[in-house]
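Working notes, beginning with the structure itself.
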Amino acid sequence: MRAKGEARNGTIARVLENAGWLLAGKGVGAVLSLVYLGLATRTLGPAAFGQFVLIIGIAQAISSFVSFQTWQGVVRFGMPHFQAGESGKLANVITLTLALDYGGAIAGCLIALAGTAYFSDYFGWDAAVRREALLFAIVILLSARSTAVGVLRLHDRFGVGAVADSTTAIVRFVGAILAVAFMPTVTGFLTAWAASEVATAAVYWWSAARVSKGAMSLFRWRGLRQAAVENPGIMSFLWITNASTTLNGATKQLTTLIVGLVAGPVAAGNYRLAHQLGQALARISEMLSRSVYAELTRVHFGDMKANLSKLFRSSVRLTAIGAVTIILLLITIGRPALGLIAGPGYAEAYPLLMLLGTAAALGLGGTSFEPALVATGRAGLALRLQFVATLVLAALLALLLPRLGATGAGIATLAAAAASLILYGWAAFRAMRAVGDRGAI
């Protein structure tokens, strides 16, 4: 069995197998998310739903600012130790990423205390709503699980991760039904969303602890210093990937908040609804990206470097087909799907769905580009490119949002996605050529 698994390392079949496991969890989530999103929109109505998504947006924006993508560090720096059987050094890497996970979470809680108070004045929240927003943000922050995700992917346990991922949607689905039945308010739905985060984190940490066989411990504090010595560049890598994720994730959440500040909660709700539906179609992008990154890293540090360029090209072709498929789905079933899920009160969100869904499709088309840069040691370049794409988004938001409202934000998001696709594609193909010139492929 071991030989068979090794024979399939570094192949697109391995990527698809791992992505399939991820999609098994996210596929369940995508279907259920349409149901619980529909329950929330229909139960709360446009105004209350707008308030609901603004509270979520603040929590997720803060989380994006303080959360490290430690799963990438576990895979990137843990892989050589894992392949060499150096369990002590691997445990030190995990200790460092654990400390970053919860150090960031604590810092985020302090930011949330100030952030919810600041935004409450602009959104007209009373003390009760402000308290709910703060509590929800704290739950989101303390449900950090990036290291656990990395441990499972390092051990190639994508199936276990699929089960953990599905927990979010299942608990949220059940919670939404209970909210409709017993507490059809913003508070009820926030409670359901918070419970899903706690449950998912619990399943992830329990699964990772079983797989790691003692490598995950909060009491190996000496491993913090040793990890930096044994893994040169690990801190700069983690800071760079954190900054890149902050720019990518926080800007998405901040866009919702900015729409709410400029155009009001209803517009923010429409934007968020269209974004969520577009992301439901683009879940394939996220899953393929994570699978591609893990496999490219496995190849880069293994003895199969001849497969690196082939794997990259196959992934690009696959994701391009997926991007075209998403756009066709938007054109053919976008409008009826929006009406079926959210109801007639959200009909004006359809143009936003087309814009944001197309942006998600472009993201799928470039799925292999950033993982290729990070896996081949070009995380700094990936960060610089993300910064340029963020500048494009910020400039277009400033220009279009005051004039066109939420539609202007959708146009800005699509343009930024196109810019990101072009920049990352150019850099990734150059990186593959450079690796080839050094004789690695």
Side-chain angles (χ1 to χ4, degrees), residues 33 36-65 112 115-126 128-130 132-134 136-137 140 176 185-190 192-194 248-280 338 341-357 359-360 390 393-394 396-414 416-417:
S33 71
Y36 62 66
L37 184 61
L39 290 172
T41 55
R42 290 172 179 270
T43 302
L44 296 176
F49 181 71
Q51 178 178 299
F52 172 68
V53 301
L54 288 174
I55 292 173
I56 292 177
I58 289 176
Q60 292 180 338
I62 295 172
S63 178
S64 295
F65 273 113
T116 52
Y118 175 80
F119 280 105
S120 65
D121 294 334
Y122 288 94
F123 295 139
W125 293 345
D126 57 24
V129 176
R130 182 167 65 247
E132 288 179 352
L134 175 60
F136 183 79
I140 293 294
T185 63
V186 171
T187 302
F189 282 96
L190 285 176
W193 263 238
N248 185 35
T251 50
K252 292 177 181 177
Q253 306 304 329
L254 286 175
T255 300
T256 302
L257 298 180
I258 293 170
V259 171
L261 288 170
V262 175
V266 173
N270 286 337
Y271 182 90
R272 176 77 178 196
L273 172 63
H275 179 265
Q276 288 292 99
L277 292 177
Q279 288 302 306
L338 178 63
I341 294 166
Y346 297 86
E348 61 186 50
Y350 177 67
L352 280 171
L353 175 60
M354 291 299 300
L355 291 169
L356 298 178
T390 302
L393 175 62
L396 290 175
L397 282 174
L399 178 65
L400 299 176
L401 184 55
R403 293 174 173 81
L404 301 176
T407 301
I411 295 172
T413 302
L414 176 57

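Counting heavy atoms from C-beta on, the side chains of Asn270 and Val259 never come closer than 4.5 Å. Looking only at side-chain heavy atoms (C-beta outward), Gln51 and Trp125 come within less than 4.5 Å of each other. Looking at Ile56 and Thr256, their side chains never come closer than 4.5 Å, going by heavy atoms from C-beta outward. Side-chain contact between Trp193 and Ile140 is absent, with no heavy atoms from C-beta onward closer than 4.5 Å. Between Phe49 and Val186 there is no side-chain heavy-atom pair separated by less than 4.5 Å.
Scanning all heavy atoms of the two residues, the minimum distance from Ala192 to Ala176 falls at CB-N, 3.8 Å. Pairing each heavy atom of Ala61 with each of Leu257, the nearest pair is CB-CD1, 4.4 Å.
Here Pro265 pairs with Leu54 under the side-chain contact (heavy atoms from CB on, under 4.5 Å) rule; sequence neighbours left out. Partners of Thr116 according to the side chain to side chain donor-acceptor pair (under 3.5 Å) rule, which considers only residues two or more places apart in sequence or in another chain, do not exist here. Residues satisfying the ring pair (Phe, Tyr, Trp, His ring centres under 6.0 Å) test with Phe189, not counting sequence neighbours, are none. Shown here are the side chain to side chain donor-acceptor pair (under 3.5 Å) partners of Thr187, two or more places apart in sequence or in another chain: Glu132. Taking the ring pair (Phe, Tyr, Trp, His ring centres under 6.0 Å) definition, one finds that Tyr350 meets it with nothing, sequence neighbours left out.
Interatomic distance, CD1 of Ile258 versus CG of Leu393, reported as 8.0 Å (0.5 Å rounding). The distance from the CG atom of Leu414 to the CE atom of Met354 is 10.0 Å, given to the nearest 0.5 Å.
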Please list, one pair per line, the donor and acceptor atoms closer than 3.5 Å that link side chains of residues 400-413 to other protein atoms, with sequence neighbours excluded.
unit_1	atom_1	unit_2	atom_2	d
Arg403	NH1	Leu399	O	2.5
Thr413	OG1	Tyr271	OH	2.9
Thr413	OG1	Ala409	O	2.8

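Without hydrogens or angle criteria, Thr41 side chain to Leu37 main chain gives a donor-acceptor distance under 3.5 Å.
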